[in-house]
Amino acid sequence: MPTNKHKRKASSHAKSNKGKNTESTGLIISHPQVFIYVGLFFVVLGIYLLAFESQDNALFGLAMLSLVAGVVTTFYANFTLSKKKSR
């Protein structure tokens, strides 16, 4: 018999909670389809403000903020929607 026999630790057999994913209960994660439409609305609003109402610097800034918020919201909602469908 070998003197240095390999023994397994009991802790390696214990089930850990580290592998479990807890689902977030955020608003965008709960309703991603609605937020895709909200993001697209912001994008359309920003394009409209740029095309027809951008004579004032404040409206130009509002148009850019609307475009950025719309693109980010749509992208994030689309990302969570694709993750939700894969399950």
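Phe35 CZ: more than 12 foreign heavy atoms inside a 6.0 Å radius.
Here the CG-CG distance, from Asn57 to Leu62, works out to 12.5 Å after rounding to the nearest 0.5 Å.
Residues Ile36 and Phe41 form no side-chain contact, since every pair of their non-hydrogen atoms from C-beta on lies 4.5 Å or further apart. You'll find the side chain of Leu50 reaches within 4.5 Å of the side chain of Leu67, heavy atoms only.
Across Tyr76 and Ile29, no two heavy atoms sit closer than the pair OH-CD1, 3.9 Å. Looking at every heavy atom in both residues, Pro32 comes nearest to Thr80 through CB-OG1, 3.6 Å.
Both Phe60 and Val71 are part of a single hydrophobic cluster, where members link through side-chain heavy atoms under 4.5 Å apart. Hydrophobic clustering (ILVMFWY, side-chain heavy atoms < 4.5 Å, transitive): Ile47 and Met64 are in one cluster.
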For side-chain contact (heavy atoms from CB on, under 4.5 Å), just list the numbers for Phe52 and Tyr48, CA-CA rounded to whole Å, side-chain angles, deciding distance to a tenth of an Å, and then say yes or no. CA-CA 6 Å; Phe52 300 112; Tyr48 171 77; 3.2 Å; yes
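Listed for the Thr74 side chain is a donor-acceptor partner under 3.5 Å among the backbone atoms of Gly70. Ser66 contributes no side-chain N or O that, together with a main-chain N or O of Leu45, makes up a donor-acceptor pair within less than 3.5 Å.
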